Undergrad: 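There's a structure below that I have some questions on.
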Amino acid sequence: MNGNNESTTSENFIKAIIREDLKTNKWGGRVHTRFPPEPNGYLHIGHAKSICLNFGVAQEFGGITNLRFDDTNPTKEDVEYVDSIKEDVKWLGFDWADREYYASDYFEQLYEYAIELIKNGKAYVCDLSAEEIKNTRGTLTEPGTESPYRNRSIEENLDLFQRMKAGEFPDGAKTLRAKIDMKSGNLNMRDPVIYRIKHTEHHRTGNKWCIYPMYDYTHCLSDSIERITHSLCTLEFEDHRPLYDWVLDELGVYHPQQIEFARLNLSYTVMSKRRLLQLVEEKYVDGWDDPRMPTISGLRRRGYTPESIRDFAERIGVAKRENTVDLALLEFCIREDLNKRANRAMVVLDPVKVIIDNYPDDLVEELEAINNPEDASSGTRKVLFSKEIYIERDDFMENPPKKYFRLSPGQEVRLRYAYYITCTNVVKDDSGNITEIHCTYDPETKGGSSPDGRRVKGTIHWVSANHCLETDVRLYENLFLNEDPMQFERFQDNINPNSLQIVNAKAELFLKNAKVGDKFQFERKGYFCVDSKYTTSEKLVFNRTVTLKDSWAKVSGK
RNA sequence: UGGGAUGUAGCCAAGUGGUAAGGCAUCGGCCUUUGGAGCCGACAUCCGCAGGUUCGAAUCCUGCCAUCCCAGCCA
């Protein structure tokens with residue numbers, strides 16, 4: 001499958017800034033961005049927004065984008081995460097070429113810069129404990145107080161910092177702090193810690209270091225080292241920008257521009273790594289790639305395409321306003337993509353048997369079906385038809401309401417690509433459940449149209465009872481019942497108990513050749529893909545990506 | 001009188017002094033061998049509120065209100 005339905009790119013304030021910078025030649029005509037994940041969890045749809053922004057904007061203006069792992073905290077990070085992140089960015093369709101960087105690659109240089117800060121009297125070694133630092137930081141409305149170690153001599157600071165690096169002190173015994181302003185209204189400027197001691201092995205540098213630089217200190221310098229032009233990050237870092245600028249200015253080094261935009265929130269889900277990690281660890285879901293998760297890997301397994309996610313990212317725009325995008329927009333994007341690309345199949349999810357009494361007992365006919373009415377090049381296929389078939393249980397009603405135009409006693413419907421049938425009677429078991437529906441067919445309507453031109457309102461899908469494939473189909477609903485799960489004391493309490501339902505379905509025979517990841521529209525039901533986790537050589541398992549729009553559900557008030 | 005930011009339709013979002021783009025959702029209608037898709041139409045006398053400047057204000061000024069972020073040796 002291939003296709004592309006991305007809408008034309010829209011304007012946003014970041015593009016406006018870049019366009020202006022290009023006009024004034026601020027960066028010598030360069031546009032160089034970076035996507036800087038911390039490898040401490042899987043990427044989610046919110047990261048996809050950032051990825052599409054960073055790579056997209058560079059692409060649009062002839063620039064390039066680095067992939068940089070912000071790996072300055074060895075206690076939280078792991079290679080499992082760097083591998084998944086690389087896979088996800090690649091899958092989304094972006095290429096960082098050979099520019100795969102790690103903040104940890106810069107540890108040596110960062111250390112040298114720290115020494116320079118010390119020499120300039122702009123940083124000092126502080127012996128205060130974490131608790132004491134917290135207590136002297138002040139509050140939102142009151143200034144902090146200066147550390148008693150703030151005015152150590154440069155020589156002493158140099159000596160101590162070197163000994164911190166050499167491993168002479170235990171975790172937490174000392175920190176290196178920037179000497180800025182304990183009275184600043186911006187808490188980030190109250191002598192922030194820029195190095196801490198952690199005798200922890202790092203997934204890349206091993207045991208080489210026992211001091212690790214903090215985010216604020218590392219990020220701006222990494223951007224500087226990589227000659228980034230526009231450093232795009234989310235709103236919560238707005239308060240950190242003065243520190244970003246301070247470090248680079250004090251060191252007098254290349255100085256990128258940090259620009260903040262609003263992170264994505266999506267209705268009916270949660271979107272923080274911490275919360276997603278909780279869902280995984282507390283076993284509410286099957287893992288980071290559970291199809292109900294808003295992770296890239298979850299969406300991939302669910303059947304979303306990279307094109308649909310890029311289209312979504314384009315449609316939601318980029319601005320500074322806090323936002324919660326309607327899940328319906330994401331669903332719209334995948335439907336629109338798959339409508340044009342996915343071949344159709346008839347699959348009965350909740351089967352009930354129909355017997356066509358006047359159809360010859362042993363006859364089996366081959367009928368022609370269109371693979372995708374939206375794509376003439378997709379061709380046709382043959383479907384087997386016989387006396388006994390399955391239809392959806394809810395495509396029959398004994399006492400139908402007004403405007404119900406599927407099968408009911410005396411009402412004629414079309415079996416898609418087959419014949420018109422009319423229900424004559426039903427057979428029930430002792431508890432009143434329908435076990436068989438008896439019908440007659442009109443042999444003149446083969447293919448699904450009648451020579452006399454009479455109209456039937458309803459068309460339903462079916463499979464031949466003796467010519468079908470058993471498959472498991474996993475039907476997903478939103479993981480959460482409320483559009484804003486975070487309004488609950490415990491967001492876990494809002495989990496939808498019906499977010500996963502597994503049914504045994506009867507599918508058209510040709511589906512047996514489907515491969516993991518293949519996508520189909522099950523006619524009248526939705527889009528489905530072959531699951532990568534539970535499919536075996538014996539049994540195909542499908543995931544429902546999204547339902548089709550169902551205007552009958554609205555009419556019937558469901 | 002802590003600091004920073006944001007308020008345009010149910011949800012996103014353009015617009016930057018010349019009289020409110022676009023998308024999703026919703027609601028009508030047409031069409032249809034998927035109650036799908038497609039097509040057509042409706043949907044802000046008004047831009048958080050109140051004043052002011054101007055021939056003219058969502059855009060400029062003043063004041064107010066609301067919401068979000070910040071007190072990790074996390075990122």
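Everything quoted here is computed from the prediction, not taken from an experiment. We name chains A, B, ... by the order of the sequence lines, and we start the count at 1 in each one.
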Undergrad: Give Y404(A) one of three labels, base, sugar-phosphate or nothing, depending on what nucleic acid heavy atoms sit under 4.0 Å from its own.
TA: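 The residue Y404(A) makes base contact.
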Undergrad: Using a 6.0 Å distance limit plus a 45 degree cone around the ring axis, check whether K198(A) lies over the aromatic ring of Y212(A).
TA: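 The answer is no, since K198(A) fails at least one limit relative to Y212(A).
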Undergrad: Using the C1' atom on both, measure G3(B) against A13(B) and round to a whole Å.
TA: 29 Å
Undergrad: Is there a donor N/O on one and an acceptor N/O on the other, under 3.5 Å, for the side chain of R455(A) and the base of U32(B)?
TA: no
Undergrad: Could you give me the stems involving RNA chain B, meaning stretches of three or more consecutive Watson-Crick or G-U wobble pairs whose two defining distances are both below 3.5 Å?
TA: B:2-7 with B:65-70, B:10-12 with B:22-24, B:26-30 with B:38-42, B:48-52 with B:60-64
Undergrad: Heavy atoms under 4.0 Å, any strand shown: does V456(A) hit a base, just sugar-phosphate, or nothing?
TA: nothing
Undergrad: Rounding to an integer number of Å, can you tell me how far E392(A) CD sits from G36(B) C1'?
TA: 15 Å
Undergrad: Are any of the side-chain nitrogens in D191(A) or R137(A) under 4.0 Å away from the carboxylate oxygens of its partner?
TA: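 The answer is no: the pair does not qualify as a salt bridge.
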Undergrad: Look at R263(A) together with E236(A) and state whether they make a salt bridge at an N to O cut-off of under 4.0 Å.
TA: yes
Undergrad: Which whole number of Å gives the distance between the P atom of G36(B) and that of A20(B)?
TA: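 Pairwise P distance, G36(B) against A20(B), rounds to 35 Å.
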Undergrad: For the pair made of CG in L235(A) and P in G7(B), what is the distance, rounded to whole Å?
TA: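 For the pair L235(A) CG and G7(B) P, the rounded distance is 10 Å.
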Undergrad: Measuring only the P atom in each nucleotide, how far is C12(B) from A71(B)? A whole number of Å is fine.
TA: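 Rounded to whole Å, the distance is 25 Å.
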Undergrad: Could you tell me the separation between the CG atom of D484(A) and the C1' atom of G10(B), rounded to a whole number of Å?
TA: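 In whole Å, G10(B) C1' lies 15 Å from D484(A) CG.
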Undergrad: Whole-Å distance between C12(B) C1' and E483(A) CD?
TA: 14 Å
Undergrad: Test W462(A) against every option in F385(A), Y390(A), F396(A) by the ring pair (Phe, Tyr, Trp, His ring centres under 6.0 Å) rule and name the one that passes.
TA: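 Of the listed residues F385(A), Y390(A), F396(A), the ring pair (Phe, Tyr, Trp, His ring centres under 6.0 Å) partner of W462(A) is F385(A).
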Undergrad: Could you check whether Y212(A) gets within reach of a base, just the sugar-phosphate, or nothing at all, counting any heavy atom under 4.0 Å?
TA: nothing
Undergrad: Is there a residue in residues 263-277 of chain A whose heavy atoms reach under 4.0 Å of RNA chain B, and which residues are they?
TA: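 Residues of residues 263-277 of chain A that come under 4.0 Å of RNA chain B do not exist, since none gets that close.
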Undergrad: For A58(B) versus C46(B), give the span between their C1' atoms, rounded off to a whole number of Å.
TA: 9 Å
Undergrad: Who passes salt bridge (Lys or Arg N to Asp or Glu O under 4.0 Å) against R344(A), sequence neighbours left out?
TA: none
Undergrad: To the nearest angstrom, how far is K320(A) atom NZ from A13(B) atom P?
TA: 13 Å
Undergrad: Considering only NZ, NE, NH1 and NH2 on the basic side and carboxylate oxygens on the acidic side, decide whether E307(A) and R341(A) come within less than 4.0 Å.
TA: yes
Undergrad: Please write out the pairs of protein N or O atoms and N or O atoms of nucleotides 20-24 of chain B separated by less than 3.5 Å, giving the distance to one decimal.
TA:
from, atom 1, to, atom 2, distance (Å)
G23(B), O2', R315(A), NH1, 2.7

Undergrad: Could you check whether D245(A) pairs with R241(A) (Lys NZ or Arg NE/NH1/NH2 to Asp/Glu carboxylate O, under 4.0 Å)?
TA: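 A salt bridge is absent here (no side-chain N lies under 4.0 Å from a carboxylate O).
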Undergrad: Does K549(A) put a side-chain nitrogen or oxygen below 4.0 Å from OP1 or OP2 of A37(B)?
TA: yes
Undergrad: Checking all strands, does E260(A) fall into the base, sugar-phosphate, or nothing category for heavy-atom contacts under 4.0 angstrom?
TA: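 Since no nucleic acid heavy atom lies under 4.0 Å of E260(A), the category is nothing.
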Undergrad: Tell me, please, which residues at least two apart from T139(A) pass side-chain contact (heavy atoms from CB on, under 4.5 Å).
TA: T141(A), E142(A)
Undergrad: Residues two or more places apart in sequence or in another chain: which of them pass side-chain hydrogen bond (donor to acceptor under 3.5 Å, both in side chains) with Y113(A)?
TA: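 Residues passing side-chain hydrogen bond (donor to acceptor under 3.5 Å, both in side chains) with Y113(A): none at all.
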Undergrad: Taking only residues two or more places apart in sequence or in another chain, which ones pass ring-ring contact (aromatic ring centres under 6.0 Å, His included) with H203(A)?
TA: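 Partners of H203(A) by the ring-ring contact (aromatic ring centres under 6.0 Å, His included) criterion come out as none, since no residue qualifies.
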Undergrad: Could you write nucleotides 70-75 of chain B as a row of B, S and -, 5' to 3', where a protein heavy atom under 4.0 Å of any base atom gives B, of only sugar-phosphate atoms gives S, and otherwise -?
TA: BBSBSB
Undergrad: I'd like to check the salt bridge (Lys or Arg N to Asp or Glu O under 4.0 Å) partners of D71(A); sequence neighbours left out, ordered by chain and number.
TA: none
Undergrad: Measuring to OP1 and OP2 of U8(B), would you say a side-chain N or O of R321(A) lies under 4.0 angstrom away?
TA: yes
Undergrad: So S449(A), base contact, sugar-phosphate only, or nothing? Heavy-atom distance under 4.0 Å.
TA: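 Base, at least one base atom sits under 4.0 Å.
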Undergrad: Classify T324(A) by what it touches in the nucleic acid, base, sugar-phosphate, or nothing, heavy-atom distance under 4.0 Å.
TA: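 Result for T324(A) = sugar-phosphate.
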Undergrad: Take atom CD of E314(A) and atom P of C12(B), then tell me their distance rounded to the nearest Å.
TA: 18 Å
Undergrad: Which label fits G72(B), syn or anti, where anti is any glycosidic angle not within 90° of 0?
TA: syn
Undergrad: Using a 4.0 Å heavy-atom cut-off across all strands, classify E322(A) as base, sugar-phosphate, or nothing.
TA: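 If one applies the 4.0 Å heavy-atom cut-off, E322(A) turns out to touch the sugar-phosphate alone, with no base involved.
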Undergrad: Rounded to whole angstrom, note down the C1' distance from G2(B) over to G48(B).
TA: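 Roughly 24 Å separates the two C1' atoms.
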Undergrad: Describe the nucleic acid contact of R344(A) in one word from base, sugar-phosphate, nothing, applying a heavy-atom distance below 4.0 Å.
TA: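 Result for R344(A) = base.
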Undergrad: If you look only at pairs with a residue in residues 167-185 of chain A, which of them pass as a salt bridge (charged side-chain N to carboxylate O under 4.0 Å, His left out), with sequence neighbours excluded?
TA: D127(A)-K174(A), R163(A)-E168(A)
Undergrad: Can you figure out which of U26(B), C68(B), U6(B) approaches the side chain of K554(A) most closely?
TA: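 Output: U26(B).
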Undergrad: Kindly state each residue pair satisfying ring-ring contact (aromatic ring centres under 6.0 Å, His included) with at least one member in residues 179-199 of chain A, sequence neighbours excluded.
TA: F161(A)-Y195(A), Y195(A)-Y217(A)
Undergrad: Expressed in angstrom and rounded to an integer, what is the separation of N323(A) atom CG from U8(B) atom C1'?
TA: 15 Å
Undergrad: When the P atoms of C39(B) and A50(B) are compared, how many Å lie between them, rounded to an integer?
TA: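 Each nucleotide's P atom is 41 Å from the other's.
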Undergrad: Base, sugar-phosphate alone, or nothing: which one does R177(A) contact when heavy atoms must sit under 4.0 Å apart?
TA: nothing
Undergrad: How would you list, by chain and number, every residue that makes a side-chain contact (heavy atoms from CB on, under 4.5 Å) with T445(A), sequence neighbours excluded?
TA: Y419(A), Y420(A), D442(A), S450(A), R454(A)
Undergrad: When you compare C60(B) with U45(B), how far apart are their C1' atoms, in angstrom units rounded to a whole number?
TA: 23 Å
Undergrad: What does E238(A) touch in the nucleic acid at a heavy-atom separation under 4.0 angstrom: a base, only the sugar-phosphate, or nothing?
TA: sugar-phosphate
Undergrad: With rounding to the closest Å, how many angstrom separate the C1' atoms on C27(B) and C65(B)?
TA: 34 Å
